Every structure is written in structure tokens, then in C-alpha cells.
There are 2 protein chains.
Amino acid sequence: MKDGPDIARIANLIGDPARANMLTALMSGKALTATELANEAGVTQQTASSHLRKLGEGQLICARKQGRHRYFALADERIARSLEALMDLAQNTGHIRTRTGPKDARLREARVCYNHLAGQMATRLYDHMIGRDYLKLSVGGLALTEAGESFARSLGIDVGELSGKRGLLCRECLDWSERRSHLAGSLGRAILTQIIDRGWAERDTNSRAILFSARGRAQFERWIAA
Amino acid sequence: MKDGPDIARIANLIGDPARANMLTALMSGKALTATELANEAGVTQQTASSHLRKLGEGQLICARKQGRHRYFALADERIARSLEALMDLAQNTGHIRTRTGPKDARLREARVCYNHLAGQMATRLYDHMIGRDYLKLSVGGLALTEAGESFARSLGIDVGELSGKRGLLCRECLDWSERRSHLAGSLGRAILTQIIDRGWAERDTNSRAILFSARGRAQFERWIAA
DNA sequence: GCCATGCTTCGATATGGATCGAAGTATGAA
DNA sequence: TTCATACTTCGATCCATATCGAAGCATGGC
């Protein structure tokens, strides 16, 4: 009586704590080596290797060999979005988080979601872009308006160039901490790149947090307000 | 190094085949008894009972006792949307479906997603509503415009009444078969109700398929074209 | 009261799979 | 060549849990 795709297979893949930790670590967007992932998951290399094989067979991650390392990354942006959606579910059906450390607060404000910005600042940016009609919902997805294009240009992003590349330009992604949408797609990625390149913020080395400097935050606000 | 919510716990819940089948069955939106769910999952009542307890503890389903039956339903519309998202993932990372029987085709065309319409006809309706500016993406969600309100009224839906109720009026939901959005929320529910009540279509007794009559399909088209 | 039905709890089983130690295969460095 | 590092494969262990039989509670019909 199974209607539709085999949901159990994929959920089971994500359902193991070690694998879930690996996937969560890969949400940072960085490609990680097998050993790094083993550490993230808190298991030995042997078991990590086994898990990675399964994740690969399940098409959730893809591997690239480089020298004597094997780098792993999420297979697809879609995977990242599904994981964020799952986090939303877990967040709100799970036990109340006992301690929300300072690290959590930072994650809530700004973090990496695969390759784009997530968290409070990301949803504010998204709302702003919707409010000013920079983004419009069109048939089958999100579209960037002319005004939005020049908004992006004001950050030094050439939208024309982006559109040429593979993958959608704009896409929604559910934000687990805000339970709202934020911007994904190649534009989302380009924005995060700019934010880092311009030195407004930097990525925390051992979490998904994006750390804005006071100055960077001000510049972000000015960009938005313009 | 676990950033964010405990994703493994929830994925593990969904990851068991028996439980996944139960959840899939509940996607029909109907509340089902423990015995019915046991049959859907292909397990005995005892094991079903155990699974149902776990799903309940995990806040994925909720139970209502009625006489000597216990009816189970998905706890939340959010659960349904997450399940559809998972189906999308499973659909496209999974092995290619070997046989896509006639039943699959029917599901692809029109089916129930918890309480609203999904499938080809649903995404067409959604695209249409976006294209005519009946729906607009606003801050933090989907909004119905004035024109959209009268569009709904033309099907006999009183939007004012709906808005009073709990839960969002309009919401997007990812369609696994179409990989596009369709309309969820109380308006989505009301539309499906009208489609059934007007006799345009009826629900298949033992699947999630929505079976349109030739006449019903024509009326649906006429409504959209109007 | 009695029995049937729907469902849960308990106990026993067994099986899948996560885990790691040890050994094996690549790749790079010296 | 020799050694070290990165990773995989193999084999054994061990634990969680899915499963069902049997018994235990409710509820409703008679």
C-alpha cells in the first residue's frame, strides 16, 4: 500500500546519528575529508568509511578524490534544503533544547546553509527583497526583477553572468531557526561570497556560524537601506 | 559538533519502513485506526501499537480516542509538507522506479496531500493563480490578493470566514511528483473540499488518488479559464 | 452478566547494522 | 626504497529494536 517514493530508505540514511552529524557538518558547504567527517561524527575512520559509502550510494553526497584525500560534499543543493526542512521539524517537535549556548545564538543570527546565508539576517534580507519587489514569485519559482538586479549590482554581483551558470538563480529555502524563507540559489551563493570577500563577516572555523564584524554589520545595513 | 536541532532522532522515526508506510497512509488526510494502520504497514497490531506510540512521542502524529477505536492523524500540516519534501528527495535520489503502474499515473495527476490537492492539476492551478496575480509572495509567506479572493469566491469559498480560523490561509507545499509548488493552507483545503463536494472528483478508497470525472475535469478547466 | 472487538503491555527472539581492531591498498614525502 | 598518511575492506562483536505470541484492559453489544 506504499504510495509514492520510498521515503523510508532515505530517512533511514539520515536517521543514524553518525550520518546525521556528517550531513550537518557538510551543511557548511565546505567539502570535508573522510577523516574530518569521522571526527565530526565521533566515530573511527573505519565506521566513517562505511557510512560514507552508504551516503554515496544513496546519492546524498558525492566524493572527489584529490591526492591521498577524498573530499565529500552534499550531492545537491536540494539535499541541503531538505535537511534544513528536517531541522525545522526536529526543532519544533523535539524536546526543548536544554541549554542554548552562545554558539546557538550566533547560529541563529547568521550561519551558512550549504552555500548561502541563513538565520535572522538572511530572513531579514529576504523580507526586504520581497518588500521592495526585488524578488517576485513567478510560475514555478522565485524571480529577480529589474530593480532586484540593480540591487544585486550594487553589491558588485553581475546577475547576467550568474544566469548563465547551471542551477536556478533564485530559490527559497526554509530557515529552521526562523521558520521563514531565505534566499538560496546562485544569487544567494553570490551574496554570501560578497559578504565574505568584502570582509563584512568571516566564517567560524569550527561551526556554521557567520561572524559579522561591527563594521561589516553596519555596511550590511547600509546596503539594505539603500 | 552537532550544530542545530537533533535531526537524526526525527529522521530515524520516519526511517523505519513500517512507520514510513503509516505516515504515508496518513498523508491521505483521513484519520485511521490502529488496525488500519497496521494493515497499511503490513505488521501485526502489537508492533503497530509500538510504532504508533513512538510516532506519538515524537509529535509526528496525534491520537484521538473514539469509542473503542483510536484514530490517528498527522500532528500538523507542517509534518505533511516535510513528508512531501522527503518524497521529492527519495524520488530523485532513489533507484529508478521499475514499474510505474497505472496507479502511479493517477497519483501524479491528482492526489491528496494531507488536506489539499497535489499533483499535476494542483501545480497547474498554482501556476495559474500566480500568473494572474491571485497569489503574491509577501513578507514571510504567500498572500491572497483581492482578485484572488474573488477567484476563490467564484468557487463558493468565503475567504473572510477562512481567515478567522487557525492556521495560515495560503502556504506553499513542494510537490514530489512535479518538483514544483502547489497550494496548501486553509484555502488549499477549502478548494479540495469544494472539488469533492461539487462532485468534480472523488477520492479513491484505497490510495491517495483523486479521480476526476470527465465532466468534473471540464468544470475545473472552466473555473481556471474564467 | 457474558462474549467479541480493538488495542496495549509484556516477554522472548532474532536480526540488522553500527562499531572497532587488524590488516590491506593507495598516494605522497624523504 | 622506505616510511607515513589517508582511506578501505574484512571479520568479529555487540547492541538496539522490530517483530510476534500470549496475556491483559478497556469498550460496546447482547
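Residue numbers begin at 1 in each chain, while the letters A, B, ... track the order of the sequences. This structure is a prediction, so every number in the text was calculated from the model and none was measured. Computed from heavy atoms alone, side chains included, the values below leave out hydrogens, waters and symmetry copies.
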K.L.:
Using atom CZ of Phe72(B) as one end and atom C1' of dG6(C) as the other, report the distance to the nearest whole Å.
P.N.:
11 Å

K.L.:
Sequence neighbours left out, what pairs pass salt bridge (charged side-chain N to carboxylate O under 4.0 Å, His left out) with at least one residue falling in residues 12-37 of chain A?
P.N.:
none

K.L.:
Please report the distance, rounded to the nearest Å, between CZ in Arg70(A) and P in dT5(D).
P.N.:
21 Å

K.L.:
Taking Gln91(B) for its side chain and Pro5(A) for its backbone only, find out whether a donor-acceptor pair lies under 3.5 Å.
P.N.:
no

K.L.:
Expressed as a whole number of angstroms, how long is the span from Asn21(A):CG to dA18(C):C1'?
P.N.:
14 Å

K.L.:
Could you tell me whether Arg81(A) and Asp175(A) make a salt bridge, using a distance below 4.0 angstrom between a side-chain N and a carboxylate O?
P.N.:
no

K.L.:
State which residues pass salt bridge (charged side-chain N to carboxylate O under 4.0 Å, His left out) with Asp88(B); sequence neighbours excluded, sorted by chain then number.
P.N.:
Arg78(A), Arg179(B)

K.L.:
Please determine if a side-chain N or O atom of Thr47(B) lies less than 4.0 Å away from the OP1 or OP2 oxygen of dA18(D).
P.N.:
no

K.L.:
List the protein contact pattern of nucleotides 22-30 of chain D with one symbol per nucleotide (5' to 3'): B for base contact, S for sugar-phosphate-only contact, - for none; contact means a heavy-atom distance under 4.0 Å.
P.N.:
B----BS--

K.L.:
Applying a 4.0 Å non-hydrogen cut-off, can you work out what Ala48(B) is touching in the nucleic acid: base, sugar-phosphate, or nothing?
P.N.:
nothing

K.L.:
State which of dT8(D), dA18(D), dC20(D) makes the closest approach to the side chain of Val43(B).
P.N.:
dC20(D)

K.L.:
What pairs meet the ring pair (Phe, Tyr, Trp, His ring centres under 6.0 Å) rule with one or both residues in residues 18-44 of chain A, with sequence neighbours excluded?
P.N.:
none

K.L.:
Under the salt bridge (charged side-chain N to carboxylate O under 4.0 Å, His left out) rule, collect the residues that match up with Arg203(A), sequence neighbours excluded.
P.N.:
none

K.L.:
Starting from P on dG6(C), measure out to CZ on Arg64(B) and report it in whole angstrom.
P.N.:
17 Å

K.L.:
Over how many whole Å does the gap from Asn12(B) atom CG to dA18(D) atom C1' extend?
P.N.:
12 Å

K.L.:
Take atom CG of Asn39(B) and atom P of dG6(C), then tell me their distance rounded to the nearest Å.
P.N.:
11 Å

K.L.:
Does His69(B) put a side-chain nitrogen or oxygen below 4.0 Å from OP1 or OP2 of dT5(C)?
P.N.:
no

K.L.:
In whole angstroms, how far is the P atom of dA18(C) from the CG atom of Leu52(A)?
P.N.:
12 Å

K.L.:
Nearest whole angstrom, please: distance from the C1' of dC20(C) to the CD of Gln45(A).
P.N.:
12 Å

K.L.:
Between Gly42(A) and Tyr71(B), which is nearer to the 5' end of DNA chain C once each is assigned its nearest nucleotide?
P.N.:
Tyr71(B)

K.L.:
Output yes when at least one side-chain N/O atom of Thr44(A) is less than 4.0 Å from OP1 or OP2 of dC20(C), else no.
P.N.:
yes

K.L.:
Is there any salt bridge (charged side-chain N to carboxylate O under 4.0 Å, His left out) pair reaching into residues 42-54 of chain A, and which pairs are they, with sequence neighbours excluded?
P.N.:
Arg53(A)-Glu57(A)

